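Take a look at the structure set out below.
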2 protein chains.
Amino acid sequence: MRKRKGAGRPTIADVAEKAGVSTITVSRALRDPSKVSDHLRRKINNAVRKLNYVPHSHASALASTRSNIVGVIVPSLTNNVFADTLRAIYDELDQGPFQVQLGNSRYVAKDEERLVRTFLGQGPSAMIIAGTDQTDATRELLQNAECPVVQIMEVGDDPIDMMVGFSHFEGGKAAGTHLMQKGYKRIGFLGARMDPRSHRRLEGFKDALRIGGRYDPDLIMTTTVSSSVSLGAELIGQLRARRSDLDAVFCNNDDLALGALFGCQKAGISVPDDMGIIGFNDLEMMAASHPSLTSIRTDRYAIGKRAVEMIKAELDGEVPEQKILDLGFELQQRESTSRQK
Amino acid sequence: MRKRKGAGRPTIADVAEKAGVSTITVSRALRDPSKVSDHLRRKINNAVRKLNYVPHSHASALASTRSNIVGVIVPSLTNNVFADTLRAIYDELDQGPFQVQLGNSRYVAKDEERLVRTFLGQGPSAMIIAGTDQTDATRELLQNAECPVVQIMEVGDDPIDMMVGFSHFEGGKAAGTHLMQKGYKRIGFLGARMDPRSHRRLEGFKDALRIGGRYDPDLIMTTTVSSSVSLGAELIGQLRARRSDLDAVFCNNDDLALGALFGCQKAGISVPDDMGIIGFNDLEMMAASHPSLTSIRTDRYAIGKRAVEMIKAELDGEVPEQKILDLGFELQQRESTSRQK
DNA sequence: TAACATTATGTTAGCGCTAACATCATAACA
DNA sequence: TGTTATGATGTTAGCGCTAACATAATGTTA
């Protein structure tokens with residue numbers, strides 16, 4: 001008679017035997033306790049403790065065609081913006097039965113699609129995915145996934161399921177408006193990578209400047225190279241070489257803003273007097289720099305936290321009041337745009 | 001007669017039927033092709049393609065007691081140091097059959113132990129774990145895991161299985177030596193969080209200063225608060241308030257170094273003339289700052305890349321030439337320690 | 001040439017859990 | 001009071017794949 005070697009640890013059959021019930025009753029006690037009487041629940045939990053039983057996640061996933069995984073797909077692992085949101089997601093999920101499966105789409109829609117296929121093939125309990133620019137195939141896969149799906153970092157009016165984020169267009173607009181309100185006149189834009197969210201910030205910025213009569217397409221400098229502090233210094237140097245009358249910039253993110261500040265310092269340009277600088281996201285370093293840097297603050301931790309809350313609510317059968325949660329942004333004015341004029 | 005609803009997608013049985021072989025032959029063709037004849041392998045691969053078959057990872061893991069997961073545990077999701085290494089790990093694994101399962105231990109040895117138990121319970125193909133300060137239980141679990149294990153970010157002489165990193169002690173020592181060689185005399189240390197690696201850097205730094213006759217315990221300032229740029233500015237302010245004769249600092253990491261620079265600028269202290277500053281890791285921003293910041297460079301991407309290479313080699317049955325890979329570090333001298341004296 | 005070894009493929013049973021259906025006791029309703 | 005519904009628990013079979021053993025053809029060695 002053939003014998004298969006198991007993993008060696010206690011199984012649900014061991015718990016059932018010890019508690020004097022059937023295996024499905026143990027399963028119910030752990031997964032759906034309201035279906036089991038108080039008396040039996042106590043006996044079962046006691047047996048679980050005594051045997052140090054841990055459910056076998058692969059067996060459960062196979063039998064139910066559903067796993068305890070929450071798939072999370074972000075476009076970058078090294079961008080601080082996503083790091084805060086990931087930390088919130090991990091913080092919210094770590095004390096429960098779920099596990100995070102993290103995927104890096106590298107800002108490539110097709111890579112994202114491939115990751116979504118792979119993750120959905122494993123029957124995740126939920127999916128969290130950055131942005132609103134998925135391929136048609138990805139949208140369809142997620143719409144048919146039969147699990148909660150939350151798009152994070154942005155809001156739009158066509159959610160796959162749920163959304164938590166803010167308007168990048170409005171954020172860019174607020175940045176442009178702020179610089180004009182501070183009296184800057186020849187206002188530029190520095191942007192790196194130029195993913196869809198970057199484009200939306202740029203469009204909002206342009207909108208504000210058109211309204212204020214200050215839009216000059218010649219002051220827009222962007223590159224598809226990925227963002228860095230060094231790049232910020234380089235871009236402002238290039239823009240100033242081209243247009244020495246530049247007197248303010250809206251940088252697509254904080255790294256570029258910090259780099260722009262360093263670039264100005266190297267060139268002997270006074271910030272904020274001769275150059276106003278505003279960034280986006282309001283990373284921790286913006287307050288510490290000298291001069292401190294103005295930024296559009298976004299609550300990245302709250303985005304991750306609320307996304308998980310929405311998932312848990314939907315899994316619990318609660319109908320959400322709203323499927324789209326706009327957490328907004330705030331203008332955090334600091335020294336870099338506070339010139340006296 | 002009861003009927004179970006499967007996941008609906010093609011199974012190995014469908015491929016076997018189409019190729020005219022048994023299911024185990026299909027399985028062998030995909031997992032161990034050398035055991036199947038060329039002729040049958042072609043028929044099977046053809047059937048896989050036609051049916052768009054994707055192996056069911058949960059079923060495979062249950063049947064073999066081994067999954068396609070590589071468990072990776074780091075102490076922080078928001079620390080840029082780990083982000084580079086994680087990016088390398090994802091880059092190396094994404095094109096193959098493996099998937100990353102990422103865990104955040106939050107610098108807590110007991111949380112790390114719990115994560116290791118959870119991950120090992122899922123039969124991972126390999127484990128990557130940061131550092132060398134695991135609990136005894138964690139060490140034992142990993143030693144008995146029967147899969148490749150790589151400790152990253154450090155090297156020591158007692159690996160669980162394999163190690164890729166560098167000596168933090170020697171790195172700290174190099175920083176201290178450098179500052180003395182540049183003529184600084186009252187040299188301090190700024191440290192945050194003070195995890196084991198931070199401690200080793202501090203010990204190396206002290207060693208160097210004792211050798212050079214410059215060690216002053218009063219110039220050591222550390223906190224268990226987690227690191228940030230703002231904290232660097234704060235710590236150097238506090239240290240200077242206490243010891244106005246301070247003329248150089250070795251900062252435990254680059255964020256603190258950048259913050260120390262900002263703090264000096266705010267206080268009107270000339271860097272490098274009146275204050276030398278050196279950081280650790282050499283993040284991208286160090287070259288861009290004004291003045292540019294000296295740092296101990298570490299190759300975090302290479303650490304992740306080599307760790308995965310070692311795992312793949314061990315899974316392929318190759319005996320490694322060496323189980324401990326010291327990638328070393330380099331002193332990257334820049335303006336912040338290049339005073340003319 | 002016979003005995004033993006190797007290679008390629010197939011069969012059986014089971015890895016651990018749960019969907020789907022079954023059963024029985026108790027509660028609710030007409 | 002009889003009928004129907006509900007709640008709690010059990011049984012059967014199977015989710016999809018592979019370990020372990022079996023078989024047959026071919027190769028090697030004494």
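Here the structure is a predicted model, which means the values were calculated and not measured. Just so it is clear, the values below take in all heavy atoms, side chains as well, and ignore hydrogens, waters and symmetry mates. Order of the sequence lines sets the chain letters (A, B, ...), proteins ahead of strands, with each chain counted from 1.
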- Query: If we only count heavy atoms from C-beta on, is the B/Val48 to B/Lys18 side-chain gap below 4.5 Å?
  - Reply: no

- Query: Counting side-chain heavy atoms from CB outward, which of C/dA20, D/dT18, C/dC17 is closest to A/Ala59?
  - Reply: C/dC17

- Message: In whole Å, I'd like the distance from the CZ atom of A/Arg66 to the C1' atom of C/dG16.
- Response: 19 Å

- So ring pair (Phe, Tyr, Trp, His ring centres under 6.0 Å) across residues 12-70 of chain A, not counting sequence neighbours, yields A/His56-A/His58, A/His58-B/His58

- Could you give the distance from OG1 (A/Thr118) to CD (A/Gln122), rounded to the nearest 0.5 Å? 7.0 Å

- Message: Near DNA chain C, counting only heavy atoms under 4.0 Å, which residues of residues 31-40 of chain A show up?
- Response: A/Arg31

- Tell me which nucleotide among C/dT11, C/dT18, C/dG14 gets nearest to the side chain of B/Ala63. C/dG14

- Message: Checking the side chain of A/Asn144 only, and the main-chain atoms of A/Glu140 only, is there a donor and an acceptor separated by less than 3.5 Å?
- Response: yes

- Inter-residue atom distance B/Leu86.CG - A/Thr78.OG1, 0.5 Å rounding: 10.0 Å

- Heavy-atom count around A/Asp136 CG within 6.0 Å, excluding the residue itself: above 12? no

- Task: Can you tell me the distance, in whole Å, between the CD1 atom of B/Ile24 and the P atom of D/dT23?
- Result: 17 Å

- End axis versus end axis in the helix from C/dT1-D/dA30 to C/dA30-D/dT1, the angle rounded to 10°, five pairs used at each terminus: 20°

- Item | Polar pair under 3.5 Å, donor/acceptor by atom type, side chain B/Arg28, base C/dG10 | yes

Tell me which donor-acceptor pairs under 3.5 Å the side chains of residues 307-318 of chain A have, and how far apart each pair is, sequence neighbours excluded?
{"unit_1": "A/Glu309", "atom_1": "OE1", "unit_2": "A/Arg306", "atom_2": "NE", "d": "3.2"}
{"unit_1": "A/Lys312", "atom_1": "NZ", "unit_2": "A/Glu92", "atom_2": "O", "d": "3.1"}

- Query: Do you see a donor-acceptor pair shorter than 3.5 Å between the side chains of B/Thr138 and B/Thr135?
  - Reply: yes

- Message: Counting only side-chain heavy atoms from C-beta out, which of C/dA19, D/dC17, C/dG16 sits nearest to B/Thr11?
- Response: D/dC17

- Query: Tell me: CG of B/Leu30 to C1' of D/dG16, nearest whole Å?
  - Reply: 13 Å

- Of the options B/Val54, B/Asp14, B/Leu51, which is the one that meets B/Arg9 in a side chain to side chain contact (heavy atoms under 4.5 Å, CB included)? B/Val54

- Task: Tell me which of A/Thr23 and B/Ser27 sits closer to the 5' end of DNA chain D, going by the nucleotide each one is nearest to.
- Result: A/Thr23

- Task: Check whether any side-chain nitrogen or oxygen of B/Ser22 sits under 4.0 Å from OP1 or OP2 of C/dT9, and answer yes or no.
- Result: no

- Query: OG1/B/Thr25 to CZ/B/Arg41 distance, rounded to the nearest 0.5 angstrom?
  - Reply: 12.5 Å

- Task: Could you say whether A/Arg9 or A/Ser64 is positioned toward the 5' end of DNA chain C, judged by the nucleotide with the nearest heavy atom to each?
- Result: A/Arg9

- Between C/dG10, C/dA19, D/dG10, which nucleotide has the shortest distance from any of its atoms to the side chain of A/Val21? D/dG10

- Picking from C/dG10, D/dG10, D/dG16, the nucleotide nearest the side-chain atoms of A/Leu62 would be D/dG16

Counting only pairs under 3.5 Å, give me each side-chain donor-acceptor contact of residues 146-162 of chain B, with atom names and distances, residues two or more places apart or in other chains.
{"unit_1": "B/Gln151", "atom_1": "OE1", "unit_2": "B/Ile160", "atom_2": "N", "d": "2.9"}
{"unit_1": "B/Gln151", "atom_1": "NE2", "unit_2": "B/Gly131", "atom_2": "O", "d": "3.4"}
{"unit_1": "B/Gln151", "atom_1": "NE2", "unit_2": "B/Gln134", "atom_2": "OE1", "d": "3.1"}
{"unit_1": "B/Glu154", "atom_1": "OE1", "unit_2": "B/Arg200", "atom_2": "NH1", "d": "2.6"}
{"unit_1": "B/Glu154", "atom_1": "OE2", "unit_2": "B/Arg197", "atom_2": "NH1", "d": "3.1"}
{"unit_1": "B/Glu154", "atom_1": "OE2", "unit_2": "B/Arg200", "atom_2": "NH1", "d": "3.3"}
{"unit_1": "B/Asp158", "atom_1": "OD2", "unit_2": "B/Arg139", "atom_2": "NH2", "d": "3.3"}
{"unit_1": "B/Asp161", "atom_1": "OD1", "unit_2": "B/Lys323", "atom_2": "NZ", "d": "2.8"}
{"unit_1": "B/Asp161", "atom_1": "OD2", "unit_2": "B/Val149", "atom_2": "N", "d": "2.9"}

- Message: Is the phosphate of C/dT18 approached by A/Ser60 (side-chain N or O, under 4.0 Å from OP1 or OP2)?
- Response: yes

- Residues of residues 43-57 of chain A with a heavy atom under 4.0 Å from any atom of DNA chain C, listed by number, are A/Tyr53, A/Pro55, A/His56

- Has A/Gln143 got more than 12 heavy atoms of other residues, nucleotides or ligands less than 6.0 Å from its CD? yes

- Item | Length of the CZ-C1' vector between A/Arg41 and D/dG7, whole Å | 13 Å

